[in-house]
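In what follows, a single structure is set out as structure tokens and then discussed.
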Amino acid sequence: MSNNMKTNDFDCVVIGAGHAGVEAAHAAAKIGAKTALVTINENKIAAMSCNPAIGGLAKGQIVREVDALGGLMGLATDATGIQFRMLNRSKGAAVQSPRAQADKYKYQQYMISALEQTPNLTIVEQMATDIIVENGRVVGVKGKDGWKCDAKTVIVATGTFLRGLMHIGPESFEGGRRGEPASNELSDCLERLGLTVKRLKTGTPARLEAGTIDYEKLEVQQGDKEPVPFSFMNDRLDRPQIPCWITWTNEKIHKVILDNLDRAPLYTGQIKSTGPRYCPSIETKILRFADKTRHQVFLEPEEQEQKVIYCNGISTSLPKDVQDEMIKNLPGCGKARIVHYGYAIEYDYCPPVQLKNNLETKKIAGLFLAGQINGTSGYEEAAGQGIIAGINAVRFLQDAEPIVLGREQAYIGVMIDDLLIKGIGVEGAGIPDEPYRMFTSRAEFRLSLRSDNADRRLTEIGKSVGLVDSERWKKFEKKNNDIERLKEYLKTNSGDGISFWEQLRRPGNPISQALYEDTYVKNSGFSKDVVEAAIIDAKYEGYLTKQQRLAMGLQTLDKKHIPAELDYRGITHLRPEAKEKLSRFQPQTLGQASRIAGITPADITVILVHLKKYYDK
């Protein structure tokens with residue numbers, strides 16, 4: 001046990017130390033709750049089970065939001081990244097997203113060190129098997145070999161460990177990920193507590209010995225010359241960057257796969273659950289896109305020393321001999337040695353419609369769920385849920401209003417709202433539940449939810465709950481003040497009779513680049529971030545004004561709470577379909593109700609009229 005205090009009496013117990021659990025435990029403890037982080041293996045805290053990368057389209061925005069709230073993921077990535085790229089740099093700021101390859105081992109070490117230095121936090125090496133509930137409220141946690149602790153709140157962040165079942169060809173074996181045991185008893189416990197538990201599937205590709213690859217046959221992919229940090233606490237990055245490489249599958253590889261589909265667990269019935277549609281296995285790709293003769297594969301180093309290469313783009317659960325044949329025919333990999341074979345993993349999750357908007361379960365008070373247990377995929381989605389669960393577990397203890405981020409405030413807010421009112425399938429489209437992944441297209445207010453302004457959206461919230469420290473707050477205030485000073489200068493000074501601000505609003509105006517050389521700007525010492533923020537604010541001013549009006553309408557409905565005990569079946573003029581869907585999803589506000597697929601404005605009006613009568617009783 002690694003700890004700052006020896007006790008078996010905790011305010012908050014976090015089960016699972018993946019990316020959700022780390023952020024949850026850090027947030028709860030830093031705010032002031034006596035917290036235990038329970039993990040099967042201390043050395044695997046924040047392990048990158050799949051791709052050794054952080055960020056990407058929309059995901060990068062989530063990492064920035066976690067950082068703005070006072071979380072760890074952005075800081076850890078900046079400290080351990082080995083290649084940084086800003087995606088969509090040629091497009092508008094609203095869809096630009098930071099992404100970084102990380103040294104997976106140094107990333108873990110950074111997180112372990114950060115947690116060990118967090119006051120109020122104890123790391124417990126134990127397999128949790130049971131959550132103790134009395135009178136509908138969490139009171140403790142049990143583990144193997146008689147271990148037990150008291151707990152006022154519990155956050156379950158178990159990743160793929162719940163009844164994890166791994167597949168390589170016809171071979172199946174229990175495990176939470178490669179080399180680690182599954183957690184079966186905890187799944188049984190959740191079902192006993194009355195939660196619905198279902199199955200999902202994800203997968204991972206083969207890893208190669210770096211020294212056995214012929215890089216001369218590959219296309220090199222370098223990082224950005226001026227890498228952009230993830231954390232708002234870092235102005236620049238001085239870490240050395242190393243390249244990734246690009247290769248492609250071919251018709252020979254596709255034939256090998258097609259000839260062996262009768263041995264593929266995904267197509268023999270061995271795997272019965274659904275995998276991620278937007279990150280499919282190579283087997284699924286060549287069947288779904290039969291007209292394509294090749295698919296891109298990124299060869300990505302897993303660590304600074306470049307010993308192991310991750311094959312991004314060919315996730316598979318095919319038998320080992322088929323994987324050998326695939327790799328042998330991959331350009332540049334004819335003599336490559338497989339270090340670890342790809343595999344698929346099935347695991348339990350709890351459909352997230354069972355949650356309140358603070359990520360607490362509706363059935364058990366004080367029990368929160370975060371990460372893949374809610375049906376999401378990705379380290380970033382997990383971290384976003386983890387920090388919110390950690391904050392709200394403490395708010396629960398304080399009997400304070402929960403922190404609920406709106407769809408107009410954060411990608412994290414979009415994600416949680418989607419999970420609560422849509423679940424993870426595609427309503428009415430005949431598509432079964434599949435791991436949820438964040439995309440910029442999911443956010444109606446994406447012009448406002450940019451990666452560059454996450455601090456201006458969320459840092460005040462982080463400070464209000466006690467997660468943002470004085471150093472971060474001081475830096476945030478200086479940046480905000482500088483932005484306002486620069487904007488005032490742009491609005492009150494002009495060229496050719498037109499204010500600089502108005503010129504910036506015009507498409508294609510060259511003043512954007514000239515601004516960096518402006519005498520006032522240079523003499524004022526404004527950072528690049530400050531100048532960019534002012535430019536973007538000017539360019540998007542008109543669009544943002546329209547979005548703000550829409551957001552105000554959304555906020556009005558989201559402030560109208562629906563009583564938990566409301567019986568929709570008793571609302572006379574409500575359509576049968578609306579009664580069924582509202583009863584199933586149990587929205588907490590009229591805003592949530594309005595966003596459920598199939599619920600019409602007329603249905604909302606009927607509910608409004610009914611609620612007026614309800615409150616007038």
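Nothing here was measured: the structure is a model prediction, and the numbers come from that model.
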Using a strict 4.0 Å threshold on nitrogen-to-oxygen distance, state whether [X] and [Y] make a salt bridge.
{"X": "Lys34", "Y": "Asp11", "result": "no"}
{"X": "Glu346", "Y": "Lys272", "result": "no"}
{"X": "Asp348", "Y": "Lys198", "result": "no"}
{"X": "Arg584", "Y": "Glu580", "result": "yes"}
{"X": "Arg395", "Y": "Glu401", "result": "no"}
{"X": "Arg472", "Y": "Asp455", "result": "no"}

Glu444: side chain to side chain donor-acceptor pair (under 3.5 Å) partners, not counting sequence neighbours
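By the side chain to side chain donor-acceptor pair (under 3.5 Å) rule, Glu444 matches Arg407.
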Applying side chain to side chain donor-acceptor pair (under 3.5 Å), name anything that partners Ser231, two or more places apart in sequence or on another chain.
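So Ser231 forms a side chain to side chain donor-acceptor pair (under 3.5 Å) with Asp67.
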Examine distances only and state if a side-chain atom of [X] and a backbone atom of [Y] form a donor-acceptor pair shorter than 3.5 Å.
{"X": "Tyr343", "Y": "Arg178", "answer": "yes"}
{"X": "Arg239", "Y": "Gly81", "answer": "yes"}
{"X": "Gln354", "Y": "Thr196", "answer": "yes"}
{"X": "Ser97", "Y": "Ala58", "answer": "yes"}
{"X": "Arg446", "Y": "Tyr411", "answer": "no"}

As an exercise, state the distance from [atom1] of [X] to [atom2] of [Y], rounded to the nearest 0.5 Å.
{"X": "Thr158", "Y": "Ile15", "atom1": "OG1", "atom2": "CD1", "answer": "8.0 Å"}
{"X": "Ile123", "Y": "Glu116", "atom1": "CD1", "atom2": "CD", "answer": "5.0 Å"}
{"X": "Met438", "Y": "Ile62", "atom1": "CE", "atom2": "CD1", "answer": "5.0 Å"}
{"X": "Asn41", "Y": "Glu125", "atom1": "CG", "atom2": "CD", "answer": "5.5 Å"}
{"X": "Leu397", "Y": "Lys152", "atom1": "CG", "atom2": "NZ", "answer": "7.0 Å"}
{"X": "Trp473", "Y": "Lys463", "atom1": "CH2", "atom2": "NZ", "answer": "5.5 Å"}

Using the ring of each side chain (for Trp, its six-membered ring), is Tyr107 parallel, tilted or perpendicular to His19, with breaks at 30° and 60°?
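If you compare the ring of Tyr107 with that of His19, the planes turn out tilted.
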Side chains of [X] and [Y]: closer than 4.5 Å at any heavy-atom pair?
{"X": "Tyr310", "Y": "Cys50", "result": "yes"}
{"X": "Met233", "Y": "Glu471", "result": "yes"}
{"X": "Leu449", "Y": "Arg457", "result": "yes"}

Go through Thr77 and Tyr379 one step at a time and tell me if the side-chain contact (heavy atoms from CB on, under 4.5 Å) criterion holds.
CA-CA 12 Å; Thr77 306; Tyr379 310 143; over 6 Å; no
Taking it one step at a time, do Lys104 and Glu303 satisfy salt bridge (Lys or Arg N to Asp or Glu O under 4.0 Å)?
CA-CA 6 Å; Lys104 63 187 292 183; Glu303 66 284 285; over 6 Å; no
Taking it one step at a time, do Glu381 and Ser377 satisfy side-chain hydrogen bond (donor to acceptor under 3.5 Å, both in side chains)?
CA-CA 7 Å; Glu381 288 90 341; Ser377 66; 4.8 Å; no
Report the C-alpha distance between Leu195 and Leu367 in whole Å, list the side-chain angles of each, state the deciding distance to 0.1 Å, and finish with yes or no for side-chain contact (heavy atoms from CB on, under 4.5 Å).
CA-CA 11 Å; Leu195 296 179; Leu367 177 61; 4.3 Å; yes
Before giving the answer on side-chain contact (heavy atoms from CB on, under 4.5 Å), spell out for Asn184 and Glu174 the whole-Å C-alpha distance, their side-chain angles and the decisive distance to 0.1 Å.
CA-CA 9 Å; Asn184 298 327; Glu174 290 188 356; 3.2 Å; yes
Short side-chain donor-acceptor distance under 3.5 Å, Arg177 and Thr160
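Per modelled atom types, Thr160 and Arg177 side chains form no pair under 3.5 Å.
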Quick one, Asp558 with Thr589, criterion side-chain hydrogen bond (donor to acceptor under 3.5 Å, both in side chains). Give me CA distance, side-chain angles, the key distance, then yes/no.
CA-CA 5 Å; Asp558 275 327; Thr589 67; 3.1 Å; yes
Show your reasoning for whether side-chain contact (heavy atoms from CB on, under 4.5 Å) applies to Asn480 and Arg456.
CA-CA 8 Å; Asn480 257 4; Arg456 290 195 278 165; 3.4 Å; yes
Does NZ or CZ of Arg64 come closer than 6.0 Å to the centre of the six-membered ring of Phe232, within 45° of the ring's axis?
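Judged by the rule (NZ or CZ under 6.0 Å from the ring centre, within 45° of its axis), Arg64 counts as positioned above Phe232.
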Would you indicate whether Lys142, at its atom NZ, is surrounded by more than 12 heavy atoms from other residues, nucleotides or ligands within a distance under 6.0 Å?
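No, NZ of Lys142 has 12 or fewer neighbouring heavy atoms, counting only those of other groups under 6.0 Å.
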